[in-house]
Amino acid sequence: MMRGCSSRTKIAQNQDRAVCMTNCPTLIVTVGLPARGKTYISKKLTRYLNWIGVPTREFNVGQYRRECVKIYKSFEFFRPDNEEGLKIRRQCASAALNDVRQYLTEEGGQVAVFDATNTTRERRETIIQFAEQNGFKVFFVESVCEDPDVIQENIVQVKLGSPDYTNCNTEEAVEDFMKRIKCYENSYETLDEVLDRDLSYIKIMDVGQRYLVNRVLDHIQSRIVYYLMNIHITPRSIYLCRHGESELNVNGRIGGDSGLTPRGKEFGKKLSQFILEQGISDLKVWTSQMKRTIQTAEALNVPYEQWKVLNEIDAGVCEEMMYEEIQDHYPLEFALRDQDKYRYRYPKGESYEDLVQRLEPVIMELERQENVLVVCHQAVMRCLLAYFLDKTAEELPYLKCPLHTVLKLTPVAYGCKVESISLNVDAVDTHRERPENVDVSRMSEEALLTVPAHQ
Amino acid sequence: MNSAPVCMTNCPTLIVTVGLPARGKTYISKKLTRYLNWIGVPTREFNVGQYRRECVKIYKSFEFFRPDNEEGLKIRRQCASAALNDVRQYLTEEGGQVAVFDATNTTRERRETIIQFAEQNGFKVFFVESVCEDPDVIQENIVVSLGSPDYTNCNTEEAVEDFMKRIKCYENSYETLDEVLDRDLSYIKIMDVGQRYLVNRVLDHIQSRIVYYLMNIHITPRSIYLCRHGESELNVNGRIGGDSGLTPRGKEFGKKLSQFILEQGISDLKVWTSQMKRTIQTAEALNVPYEQWKVLNEIDAGVCEEMMYEEIQDHYPLEFALRDQDKYRYRYPKGESYEDLVQRLEPVIMELERQENVLVVCHQAVMRCLLAYFLDKTAEELPYLKCPLHTVLKLTPVAYGCKVESISLNVDAVDTHRERPEVGITHTHTHTHTHTHTHTHGTTELHCASAKCTIMQRITSWNEQVYCKASLLLRLLFEGIFRLLLYRTAEAMKGRRSELNLRRCDKAFVHGAHALPGELSRCPCKAKALKT
């Protein structure tokens, strides 16, 4: 679990940059032939690192090339004897590295993912020198795969949709792409156990069957390796939903540990039906350790696991209060929360940022698993959703997660498809939008403007 | 119970070490066993060498290990079988979840035998191979092996010579795990003491955790310093928890700690604290950069926060008694248990393994958990480990364990250690039931107490399967009544707590580079707002 949030380490950083090696920005460099999942890994890794609070950005050299060479003609551009092509590609790589430098040194980035084939030792050496000049650490992520089915799947899933092939039919596109791969194959120098023994890298073989890990230098590299070793590409779906409507929900109160209302129980039954209809093989069900999620899961009549870390955000002194009461007793706190809902920590309670910290093992296990239903809570669900849908810290606390609605997430291409399925059981609305006026001097009415109706 | 076959993670795991002598197999086995037990996975190691020593009372020489020594081979095969038998008993009858089979296992034939044994018994197999050709490392390791009973009567040179010949006996028949031939096995190959790893077919959560752990440990010499914050205001008043500042004696400790650190002359010392005032104030006195970890915060005593033990006995005699019955698993209402603490401290342990010299300024319960990890204490011992104020524990890994030095910095402080009371506890209740639950990931079989005594059903662990519906309903009912009573008391408490909270905000905060953004925005803003 990352202990320091980025902003916290930043404050310490300005004083201690030189002392602590872990403050060196890291440059992750992908290596591999086309259609080996480099961009998939880059995007996923970037999403994960940002979610746990490490500012990360990916730099896809292919995109730079597309901006430079407006129209893609054919694989000929990638032929090793195409001088013009080589020149442009080298320029694009340089432009990308320049942006990397700017991101890591001036824009507060902590990790940059340099996504390109980088298949020759010469190209990698250039990058290593660039990193050394700028004080970045380098970590290579190589994907090696010879399974023709996997490669075909990759091409179909992601390459055909690329801007390069908008005007081709499927067969043409596949054929051209296969020739493109051939252009790289002859000069491909894979990371070698002996020749590259001084480099830090992970070599992923056959989509995660086997890994070779060399010289992991620090905490962030260790986390990256752990993450990469836990992800998979087996098709599956993740279902997220909240507990059924609870007694405290109905009274407009936050937190607490109350049981379900009759409508909440109704949701439990409807959820059970829904799960059966989905016909999912081997579904795992997870709940928190609070009554309302357990009661909801009980209605499903299947084994379920309780995770303490899935418990709702701890509202500290504001537990079980209505928003009106919070405004009454703690108007200052209420205003501060509206100003920065992600980082604001309830007195004696938690912040969304803390939540993300404690939910990290859940995310890791969700990555390992296949079909899972997570019955949780509003703030928790927002955090999990933000991970899958790559939402920022600003958006996260305002994601809409209504009661009695199931979100079905299916990984597809580089992202996640979301289906929102309402189970048609009425429930109170618990979503509070950010009010216009977040100033500490605001009037009560302004603060309570966006509070949803309740009993 | 009816759903056990569904969840694959319930299969016990057999970890099998592979490697020539003096490659750190036993070191890895013991460390892994300690880690897994600490996080709640019942694990035991089975060292075949020990079985051999019990069989062949007196070790004569390396000749025993010669590949052409029929008698020796026979005995060694028997010992391996005996060990496997004990493994089977541990995993199937004694509630073990992981067994570490520690032997050279250098031939494919021997490993095949083990794989078949595992298949017959429904165990998963995970190999951990250590490959090393660095002569310095091997020499270092041999020194550790020389401490073994085999060599009590030899001088160092003879012992080293004999051991080298012993290694030679294995070398010719050594078949390392092969990328092609062994591609269907699950294993991690550790090369050159962690420079490089080859990981193949990690099947489940526990294997993934084992791999992550093995990739984070190292053998570079270093020391870990554990201490508590200086004496705090609440300490002096005999109150638990809370977030008070240091007393003058506590501040004195901070200064003494700073001197102590300087005297130790440690290169590149990392300092970690929690996010509570008392540890931060202590670290501030050191005048070095430090990192704040929220997970190092003291155990949350829930409704009992800031109470004296006398008050807890007054208001919650039942809770107080239950806690004494099972201090490790007991969870304060609206608070945490030691078991919860261990869960949240796991990332700290992982990072401590990665780091070199570290000073951790924490709290009593937290320090007990960390200490229990390093000194391999059981769940029963953990909550009663002595961690007095103003004392630094210096832990130095040595051989297979940890050397502990306790250094008191000679600043008086109140004693906050409460031993387990002797007197037996009986209480009668209107409702009795017993409940057993099995955890799927951390598998501790928690048997509730005797039929006579009711233990409040507590959902204790991180992943649990609740099997019995009927008892769940009863439990919810009973708990509901209990919680209603607690809620009433908590309501009364809350009023008091919010008072304390406001008072706290008025007091001076520790500002500076290490305060949290949230806290910074709250405190001075609030002070300003209140002023205006």
Side-chain angles (χ1 to χ4, degrees), chain A residues 1 3-4 7-9 11-12 14-16 19-20 193 197 209-216 218-219 222 225-226 229-230 257 259 282 284 289 291 294-295 298 302-309 317 319 329-330 332-333 336 339-340 343-345 347-348 351 353-354 357-358 365 368 440-441, chain B residues 3 6-7 179 183 194-202 204-205 208 211-212 215-216 268 270 289 291-295 340 343-344 346-348 350-351 354 440-441 459 461-467 469 472 476 480 483 494 497-498 501 505 513-519 521-522 525-526 529:
Chain A
M1 240 166 12
R3 61 210 177 275
S7 52
R8 203 178 306 134
T9 10
I11 294 168
N14 301 334
Q15 280 198 355
D16 319 315
V19 174
C20 182
E193 274 193 56
R197 62 180 169 283
Q209 286 282 41
R210 206 159 64 253
Y211 305 90
L212 182 64
V213 181
N214 196 57
R215 287 190 187 261
V216 169
D218 61 13
H219 179 87
S222 166
V225 165
Y226 184 42
M229 284 172 52
N230 279 311
D257 193 15
D282 208 25
K284 298 268 189 325
Q289 283 180 3
K291 283 215 288 283
I294 295 173
Q295 284 177 15
E298 280 286 317
V302 294
Y304 58 91
E305 285 192 54
Q306 298 174 17
W307 293 66
K308 182 172 197 255
V309 291
V317 297
E319 275 283 317
H329 292 102
Y330 306 106
L332 176 65
E333 298 292 329
L336 289 171
Q339 286 178 12
D340 190 356
R343 283 173 202 85
Y344 172 82
R345 187 182 287 156
K348 303 202 137 202
S351 61
E353 198 171 26
D354 297 328
Q357 294 284 345
R358 74 166 155 92
E365 193 57 22
R368 290 198 55 79
V440 300
S441 60
Chain B
S3 30
V6 174
C7 184
E179 273 193 57
R183 65 181 169 282
Q195 288 281 42
R196 205 159 68 252
Y197 305 89
L198 183 64
V199 181
N200 198 57
R201 287 193 186 259
V202 168
D204 61 12
H205 180 88
S208 165
V211 164
Y212 183 42
M215 285 173 51
N216 279 312
D268 209 24
K270 299 266 188 329
E291 285 191 56
Q292 298 174 16
W293 293 64
K294 185 173 193 257
V295 291
D340 295 329
Q343 293 289 345
R344 73 163 154 93
E346 201 265 350
V348 176
M350 199 61 90
E351 193 56 23
R354 288 198 56 79
T440 51
H441 286 282
I459 302 160
S461 189
W462 161 50
N463 297 329
E464 280 191 347
Q465 289 226 354
V466 178
Y467 291 118
K469 267 207 296 187
L472 170 69
L476 287 175
R483 291 242 178 259
K494 227 187 271 164
R497 260 206 303 228
S498 60
N501 195 43
C505 281
H514 306 281
L516 299 165
E519 236 129 33
S521 66
R522 268 190 298 148
C525 279
K526 202 179 231 173

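Below, read A as the first sequence line, B as the second, and so on, with proteins coming before strands; counting in each chain starts at 1.
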Kindly compute the distance separating CD (B:Glu351) from CD (B:Glu291), expressed to the nearest 0.5 Å.
-> 8.0 Å
A:Val302 versus chain B, the contacting section by heavy-atom distance below 4.5 Å = neither
Answer with side chain, backbone, both or neither: which region of B:Arg201 has an atom nearer than 4.5 Å to a non-hydrogen atom of chain A?
-> both
If you measure from CD on B:Gln195 to CD on A:Glu193, what distance do you get to the nearest 0.5 Å?
-> 12.5 Å
For A:Lys348 and A:Val317, indicate whether the former's side chain and the latter's backbone hold a donor-acceptor pair under 3.5 Å.
-> no
The interface call for B:Val348 against chain A, heavy-atom contacts under 4.5 Å, is neither
Interatomic spacing from CZ in A:Arg345 to CG in A:Asp340 - rounded to 0.5 Å | 12.0 Å
Which one of B:Arg183, B:Arg354, B:Met215, B:Met350 has the most heavy-atom pairs closer than 4.5 Å to chain A?
-> B:Arg354
